[in-house]
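As structure tokens, the structure follows; a few thoughts come after it.
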Amino acid sequence: MENILKKSFTKKVVIPVVVTAMLLVTTNISTISSYVKAAGSSSVTQFEIPSVSAAHQQSTNPNVIVIGTGGTLAGKASNGDPTSFQSYAAGTYLIADLVAQLPNKEKIADVSTYQFGNKGSGGYSIQDLYDLSLAVDQALELYDSAVVTTGTDTMEEIAYFLDLTVQSEKPVVVTGSMRPWDVIGTDAPANLYQAIKTAASGKTKWFGTVIMLNDMIYAARDVTKSNTHRTDTFDSSMLGALGYVDDSAVRIYRAPARAIDAGTEKWASPFNLTEIEKTDLPSVEIVYNYQDAGGGAIKGSVAEGAKGIITAGTGAGGISSKLSAARTAAIRDNQVIFVSTSRTGSGSVYDSGRGNTIGGDNLDPQHARMMLLLSLAFTADLEYSQKVEKTREWFTTFGTQDVEISVDANTIVNVEVETAVPTETPVVPTETEVPTETPVVPTETVVPTETPVTPTETVIPTETPVVPTEAVIPTETPATP
């Protein structure tokens, strides 16, 4: 009877509640649907990622999905002018059409596409990036690796957001171009092809998200756009590239620190977006320091609701007295969390381990902003002091990516260079000079086993001593020790 009552209760109460909840979270966007989560956030977006085709399932090639978001790579030159390198409409062509134009792609992978969006990178909001990250993770449930095409203006920020939030260990390669698809000398088709090759190689598995442009592969955490127009604009001035792509190979010569933890729980990002709502992502601003900078930028950001602020300081993170006063007031009156970085483009701002301002290590301001934004979203329910300490913990561990080599759970290898200590200490006479050559010993003369005591002053004999007839007489008088 008890079982019958339980079944009746389930049908009459639980099922209608679940159905009602599902109806409440439905959306009118045609490309997505929603479902109720068992835990974490109340809903998560489900994207219409294409299934791996039957033909591709039978193939021995790796399955790569290219997720298009637009950018210069999908750009159309203004007025159909093939020499219009810097005047074009970004995000015009569909990613499926661009992939279809690539020659010989079947030699490296079986490629499918998904059109997430089609506009310049600067046109996407943080909430859009939340959706993009979920789309990438859902795609990697089906495919071996993913390529994400974006505009280059904010590519480093988009890539680092993905690096911090995508939960799959499979390769994620972000690419784009500096010239639109349809101009002479465009880098767009080559970059798209080489990104697919990089993803298909599987060599960046466990690396998190990487950026591939101009045949160079960079960690999303370390790379930045360094030039307004040149095709070799992306660079990692402090740490360098991970590797590069040539016709015959994808070469990897170093790995992000995160890869050391491959296959362990420590590898996973703490920022699992399925545990929060996109509306939980707070406002975080960047304030730039300069000679005698006023405090208005901090005050204005706080007035507009900023929960966190990155200061792009001079040198090792220095800010003006007016900015410093505004920062103190923002912490005291509004409990804003600050992260100190440098505007120099290279070098570290170390964390002191105390106080309400956190050191951003060698993250530049735009990368640090993504780290702080996510840290605040995942500590929203904590008290201010706890929020600061948890954010500091993430910045100094997952954000810093310091290398530590572990042999096992109990052994740490010391990778510092130490001066070698000789196993035996040579005996060095204090004042006596040691001869470099062994003196000739007479064949029949008995050599004493102990070194005779050398007199403090040399005694010169007055008479020539008697020499045995069979002894070997040295031609020169040996030097007195």
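Residue indices begin at 1 and follow the sequence shown.
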Give a yes or no on this: more than 12 heavy atoms of other residues, nucleotides or ligands lie within 6.0 Å of atom [atom1] of [X].
{"X": "Lys387", "atom1": "NZ", "result": "yes"}
{"X": "Arg254", "atom1": "CZ", "result": "yes"}
{"X": "Tyr350", "atom1": "OH", "result": "no"}
{"X": "Lys119", "atom1": "NZ", "result": "yes"}
{"X": "Gln58", "atom1": "CD", "result": "no"}
{"X": "Asp247", "atom1": "CG", "result": "no"}
{"X": "Asp246", "atom1": "CG", "result": "yes"}
{"X": "Asn104", "atom1": "CG", "result": "yes"}

Q. With a 3.5 Å cut-off and no angle check, do the side chains of Gln167 and Asp137 form a donor-acceptor pair?
A.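 No.
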Q. Should the pair Tyr114 and Phe47 be assigned to parallel (<30°), tilted (30 to 60°) or perpendicular (>60°) ring geometry?
A.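 It falls in the perpendicular class, over 60°.
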Q) Using the ring of each side chain (for Trp, its six-membered ring), is Tyr160 parallel, tilted or perpendicular to His367, with breaks at 30° and 60°? A)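 Taking His367 first and then Tyr160, their aromatic rings sit tilted (interplane angle of 30° to 60°).
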What closest approach, in Å, do [X] and [Y] show between heavy atoms, and which atom pair accounts for it?
{"X": "Thr279", "Y": "Gln127", "value": "CA-NE2, 3.9 Å"}
{"X": "Leu162", "Y": "Ser133", "value": "CD2-CA, 3.6 Å"}
{"X": "Thr400", "Y": "Arg221", "value": "O-NH2, 3.2 Å"}
{"X": "Thr186", "Y": "Trp181", "value": "CG2-O, 3.3 Å"}
{"X": "Thr72", "Y": "Tyr88", "value": "OG1-OH, 2.7 Å"}
{"X": "Val183", "Y": "Ala77", "value": "CG1-CB, 3.7 Å"}

Does any N or O in the side chain of [X] come within less than 3.5 Å of the main-chain N or O of [Y], such that one atom is a donor and the other an acceptor?
{"X": "Ser177", "Y": "Pro180", "answer": "no"}
{"X": "Asp144", "Y": "Asn63", "answer": "yes"}
{"X": "Thr175", "Y": "Leu192", "answer": "no"}
{"X": "Asn191", "Y": "Gly176", "answer": "yes"}

Q: Just jot down the side chain to side chain contact (heavy atoms under 4.5 Å, CB included) partners of Arg354, sequence neighbours excluded, or say none.
A: Ser352
Value rounded to 0.5 Å, distance of [atom1] in [X] from [atom2] in [Y]:
{"X": "Thr314", "Y": "Tyr290", "atom1": "OG1", "atom2": "OH", "answer": "12.0 Å"}
{"X": "His56", "Y": "Tyr143", "atom1": "NE2", "atom2": "OH", "answer": "8.0 Å"}
{"X": "Tyr193", "Y": "Leu102", "atom1": "OH", "atom2": "CG", "answer": "8.5 Å"}
{"X": "Phe234", "Y": "Thr224", "atom1": "CZ", "atom2": "OG1", "answer": "7.5 Å"}
{"X": "Leu213", "Y": "Gln194", "atom1": "CG", "atom2": "CD", "answer": "11.0 Å"}
{"X": "Asp222", "Y": "Leu239", "atom1": "CG", "atom2": "CG", "answer": "4.5 Å"}

Q | Qualifying residue, where the test is side chain to side chain donor-acceptor pair (under 3.5 Å) with Lys225 and the options are Asp235, Thr233, Thr154, Thr152 | A | Thr152
Q) Quick one: does NZ or CZ of Lys76 land under 6.0 Å from the six-membered ring centre of Tyr93, within 45 degrees of the ring axis? A) no
Q: Decide side chain to side chain donor-acceptor pair (under 3.5 Å) for Ser78 and Ser87; before the verdict, give the C-alpha distance in whole Å, the side-chain angles of both, and the deciding distance to 0.1 Å.
A: CA-CA 6 Å; Ser78 297; Ser87 179; 2.8 Å; yes
(Q) Run the side chain to side chain donor-acceptor pair (under 3.5 Å) test on Asp153 and Ser121 for me, step by step, so that the C-alpha distance in whole Å, both residues' side-chain angles and the decisive distance to 0.1 Å come before the verdict. (A) CA-CA 6 Å; Asp153 282 352; Ser121 59; 5.1 Å; no
Q) Among pairs that include at least one residue of residues 338-352, which meet salt bridge (Lys or Arg N to Asp or Glu O under 4.0 Å), considering only residues two or more places apart or in two chains? A)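 Matches after skipping sequence neighbours: Asp351-Arg392.
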Q: Return each pair, listed once, that meets salt bridge (Lys or Arg N to Asp or Glu O under 4.0 Å) where at least one residue sits in residues 155-178; pairs must be two or more places apart or across chains.
A: Asp163-Arg258
Quick one: does [X]'s side chain get under 4.5 Å of [Y]'s, heavy atoms only?
{"X": "Ile298", "Y": "Leu323", "value": "yes"}
{"X": "Ile276", "Y": "Leu281", "value": "yes"}
{"X": "Phe395", "Y": "Leu363", "value": "yes"}
{"X": "Phe338", "Y": "Leu372", "value": "no"}

Q) After noting the C-alpha distance and the side-chain angles of Ile217 and Val250, does the key distance pass the side-chain contact (heavy atoms from CB on, under 4.5 Å) rule? A) CA-CA 9 Å; Ile217 304 169; Val250 174; 3.9 Å; yes
Q: Apply side chain to side chain donor-acceptor pair (under 3.5 Å) to the pair Asn356 and Arg332, showing each step before the final yes or no.
A: CA-CA 10 Å; Asn356 296 316; Arg332 180 189 64 236; over 6 Å; no
